[in-house]
Amino acid sequence: MTAYTATVTVRLKTGVLDPEAETTQRALERLGFELESLRSADRFEIDLEADSADDAAERVAEMAERLLANPTIHDYDVEVEER
């Protein structure tokens, strides 16, 4: 078994209202920053042991599907690095 760190980034799908991002974008624009758009995201870092990076990614994707993300409204990305 090899030790891996997986990073899961969960964000709302395009077209789903994102009030947190809208509020943050307005605040940044009031501070003088020009933005085309802004989206909020949650990031989870998971340390685990697996036989391979592919196995780790598969297990973490299942975690995302079952708990970390709601597939109806969220998209997610999984990145795996050996530690």
Side-chain angles (χ1 to χ4, degrees):
M1 293 281 217
T2 305
Y4 295 95
T5 297
T7 303
V8 181
T9 304
V10 179
R11 67 183 60 79
L12 291 167
K13 290 183 176 185
T14 303
V16 176
L17 294 178
D18 189 347
E20 180 181 6
E22 291 172 10
T23 301
T24 303
Q25 181 173 347
R26 284 193 303 271
L28 287 168
E29 288 170 345
R30 281 193 303 272
L31 291 171
F33 296 100
E34 293 183 26
L35 306 175
E36 186 173 318
S37 66
L38 182 98
R39 294 188 328 172
S40 63
D42 291 320
R43 180 176 143 165
F44 300 92
E45 292 183 3
I46 302 167
D47 293 333
L48 70 158
E49 299 222 355
D51 291 330
S52 67
D54 288 340
D55 181 45
E58 185 177 309
R59 288 174 51 201
V60 171
E62 183 179 355
M63 292 176 199
E65 286 284 332
R66 294 180 63 185
L67 180 68
L68 303 176
N70 175 345
T72 303
I73 62 170
H74 293 124
D75 287 324
Y76 65 88
D77 299 314
V78 174
E79 295 178 22
V80 175
E81 294 182 4
E82 190 173 329
R83 31 177 190 111

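For the single chain, residues carry numbers from 1 onward in sequence order.
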**Study point:** All pairs passing salt bridge (Lys or Arg N to Asp or Glu O under 4.0 Å) where residues 72-83 contributes a residue, at least two apart
**Key:** Arg11-Asp77, Asp47-Arg83
Exercise for review: Take atom CD of Glu29 as the centre, draw a 6.0 Å sphere, and report whether it contains more than 12 heavy atoms from other residues, nucleotides or ligands.
Suggested key: yes
Practice item. Keeping to residues at least two apart or across chains, list the side chain to side chain donor-acceptor pair (under 3.5 Å) pairs with something in residues 30-40. Key: Asp18-Ser40
Study note, to complete from the structure: Here the pair of heavy atoms bringing Tyr76 nearest to Ala61 is OH-O, 3.6 Å
Check your understanding: Side chains of Val8 and Met63: closer than 4.5 Å at any heavy-atom pair?
Key -> no
Exercise for review: Among Ile, Leu, Val, Met, Phe, Trp and Tyr joined by side-chain contacts under 4.5 Å, find the other residues sharing a cluster with Ile73 and list them by chain and number.
Suggested key: Leu12, Val16
Exercise for review: Report the C-alpha distance between Ile46 and Leu68 in whole Å, list the side-chain angles of each, state the deciding distance to 0.1 Å, and finish with yes or no for side chain to side chain contact (heavy atoms under 4.5 Å, CB included).
Suggested key: CA-CA 11 Å; Ile46 302 167; Leu68 303 176; 4.0 Å; yes
**Study point:** Minimum heavy-atom distance Ala56-Val80, with the two atoms named
**Key:** CB-CG1, 4.0 Å
Exercise for review: Check which hydrophobic residues are tied to Leu28 through side-chain heavy-atom contacts below 4.5 Å, counting indirect links as well, and list them.
Suggested key: Leu31, Phe33, Leu35, Leu38
Exercise for review: Please list all pairs passing the salt bridge (Lys or Arg N to Asp or Glu O under 4.0 Å) test where one or both residues lie in residues 54-68, with sequence neighbours left out.
Suggested key: Glu62-Arg66
**Study point:** Distance in Å, Thr9 OG1 paired with Asp42 CG, rounded so as to fall on 0.5 Å steps
**Key:** 9.5 Å
Check your understanding: How close do Val10 and His74 get, heavy atom to heavy atom, and via which atoms?
Key -> CG1-CG, 3.6 Å
Practice item. May I ask you to test the Asp51-Met1 pair for a side-chain heavy-atom distance under 4.5 Å? Key: yes
